[in-house]
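Letters A, B, ... mirror the listed sequences (proteins, then strands); counts begin at 1. Just the heavy atoms: all of them, side chains too, but no hydrogens, waters or symmetry mates, feed the values below.
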Amino acid sequence: MPNPSSFFLTTPIFYVNDAPHIGHAYTEVAADVLARWHRQAGDDTWFLTGTDEHGQKILRTATANGVHPQEWADRLVESAWKPLLDTINISNDDFIRTTEKRHEEGVAKFLQKLYDDGHVYAGEFEALYCVGCEEFKPKSEIVDGEGAFVGEKVCAIHSKPLELLQEKNYFFKMSAFQDRLLALYEERPDFVQPASARNEVIAFVQQGLEDLSISRTSFDWGIPIPWDDAHVTYVWFDALLNYVTAIGYGQDDAEFDRRWPASHLVGKDILRFHAVIWPAMLMAAGLEVPDHVFAHGWLLVGGEKMSKSKLTGIAPSEVTDTFGSDAFRYYFMRAISFGHDGSFSWEDLAARYQAELANGFGNLASRVLAMNAKYFEGRVPAAGTETAADAEIRELAASVAVRADEKIETFAIHEAIAAIWELVDALNGYITEQAPWALAKDPANDERLQTVLNTATEGLRVLAELLEPVVPQATAKLWSALGAEEALGALEGQPIREAGRWGRLPAGTQQHPLAVLFPRIETEEKGK
RNA sequence: GGCUGAGUAGCUCAGCUGGUUAGAGCGCACGACUCAUAAUCGUGAGGUCGCGGGAUCGAGUCCCGCCUCAGCUACCA
């Protein structure tokens with residue numbers, strides 16, 4: 001029986017040949033925020049990421065570098081991909097590599113089952129082949145010939161005529177699932193999100209599905225087809241299966257039943273593999289389809305899609321070296337509407353860091369804790385009679401916590417943060433209006449002074465809990481400065497869906513000096 | 001070519017099923033305050049809502065046409 005509170009979230013696995021850039025990091029951070037939120041809420045959370053290591057491209061680059069592809073992959077995983085996760089502070093529960101035994105065995109079992117159940121047949125794969133590229137060309141790389149080759153189809157890279165070749169392949173009868181897929185999209189409108197992505201998927205499937213070639217014989221860096229080791233498995237078929245092999249498919253039924261099905265976060269470039277091919281594979285194997293497939297947008301740099309080839313690829317460490325991982329996480333989650341394309345610029349990043357993190361949240365924490373230290377020897381003051389202004393803050397905190405949770409539930413991370421930020425702004429306004437420094441001048445106002453600072457302190461407690469998934473380092477500092485660590489226990493253990501419940505941090509709690517959460521960045525502008 | 005989406009203040013974006021003077025943040029100008037990371041709070045300036053038509057008492061929000069941009073139109077991941 002599936003666990004009702006189970007939350008299994010995946011990212012695409014990294015193709016090891018790529019160089020890590022902020023686009024990869026963006027997906028990871030989004031997944032991490034969702035995973036941390038659900039984990040803190042007490043849901044049975046499992047967050048999976050990993051690497052995709054098979055395929056002709058990897059074989060080629062490894063060979064070109066004079067090493068075995070396994071060694072090549074090992075090197076990249078250790079030098080590039082695992083460090084990326086540390087750079088942006090990712091809390092994944094597992095990391096799967098497609099060259100691991102658990103994966104290769106799972107893929108073999110899955111293939112065998114599909115074969116035994118009649119979903120796979122041997123056929124002829126016929127396509128245009130480029131001698132220069134040494135591979136079959138997809139339509140996108142085939143163009144009409146010019147000059148001497150007018151009337152012929154030529155390779156977009158080599159501009160030379162292509163040959164029509166045939167290869168014996170095994171095919172997955174994907175076409176048989178067309179109607180069931182369309183029914184799925186119809187019955188579960190939130191299966192593919194956002195709606196624009198869903199529309200594209202439906203349009204694609206409606207125009208008719210062909211069977212999918214799932215094996216290759218021209219090279220051998222892949223998982224052998226169990227009943228015919230002259231073939232290796234097509235990389236995408238291999239890669240998609242990581243989502244089930246990582247949780248014990250064919251090995252550990254209890255674990256598999258506990259985790260599956262998953263929610264998948266993907267870039268919109270690989271939506272079709274996840275929203276069409278993958279559910280068809282699962283249907284064929286008699287497994288449940290995923291809960292959700294959510295496609296996020298591109299990061300645009302200077303108005304164009306960021307790409308490695310155009311040198312607009314930015315390494316995540318370029319951002320974190322200056323601003324820190326919290327700022328990276330906050331910026332991309334807050335500034336970009338999740339599911340849409342979003343513009344990245346150093347100017348915007350620096351501006352938001354300054355205005356929202358340093359001046360907004362960081363300074364708020366700083367001023368409240370400084371006053372507690374100054375007027376109450378660093379102890380949380382007790383609340384007295386509540387005024388309308390205090391009640392407004394208390395009610396806003398409750399409202400914001402509820403709304404943020406609802407937004408997270410629908411993958412609207414930016415809106416969740418926007419809701420939480422209402423409390424940041426309201427607290428800054430509240431403090432300015434209540435002017436505790438003025439109250440402190442007359443001992444007759446002591447009860448009022450205590451009430452105001454109690455309200456502000458409690459507000460910080462709520463913020464620390466709600467923002468932990470987004471800015472874990474800063475909130476950890478705040479949590480310990482609040483004295484909440486001793487009073488309430490670990491921040492990660494605070495039930496996030498109850499964060500808005502007022503009065504949890506006891507009066508009298510001893511607080512500690514606060515390290516500056518978001519130091520001002522002196523450098524005026526980072527290079528382009 | 002076909003399909004989908006987008007074009008709203010200097011910048012980044014909200015505006016659901018049409019309804020009083022079109023909103024937010026940043027930036028800018030002015031003012032208040034001093035607890036705080038020279039931070040905070042308030043006020044203000046600034047828009048022919050891509051262009052042209054149309055049905056409506058009334059449209060950024062509906063219909064038609066056009067312009068611009070992006071994505072999809074299957075087996076590189």
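- Nearest to the side chain of A:Val235, among B:rA77, B:rU37, B:rU4, sits B:rA77.
- For B:rG1, the paired nucleotide is B:rU73, the pair qualifying as Watson-Crick or G-U wobble because both relevant distances are below 3.5 Å.
- Using a 3.5 Å distance cut-off with no hydrogens or angles, the side chains of A:Arg329 and A:Ser325 do not pair a donor with an acceptor.
- With a 4.5 Å cut-off on side-chain heavy atoms, A:Leu364 and A:Leu460 count as touching.
- Rounded to whole Å, atom P of B:rC3 lies 21 Å from atom CG of A:Leu271.
- Take the nearest nucleotide of RNA chain B for A:Gln354 and for A:Asp348: the residue whose nucleotide is more 5' is A:Asp348.
- When both pairing distances are held under 3.5 Å, B:rC16 makes no Watson-Crick or G-U pair with any nucleotide shown.
- Computed from coordinates, the A:Tyr234 OH to B:rC76 C1' distance equals 8 Å when rounded to whole Å.
- Atom CH2 in A:Trp421 sits roughly 15 Å away from atom P in B:rG25 (whole-Å rounding).
- The CD1 atom of A:Ile277 sits 7 Å away from the C1' atom of B:rC75 (whole-angstrom rounding).
- If you check distances only, the side chain of A:Lys57 does reach the base of B:rC76 with a donor-acceptor pair under 3.5 Å.
- Between A:Pro316 and A:Pro20, the shortest heavy-atom contact is CD-O, 3.8 Å.
- Taking 3.5 Å as the limit, the base of B:rA36 and the side chain of A:Asn363 contain a donor-acceptor pair of atoms between them.
- Taking only side-chain nitrogens and oxygens, A:Trp236 comes nearer than 4.0 Å to OP1 or OP2 of B:rA77.
- In this structure, A:Tyr353 contributes its side chain and A:Pro519 its backbone to a donor-acceptor pair below 3.5 Å.
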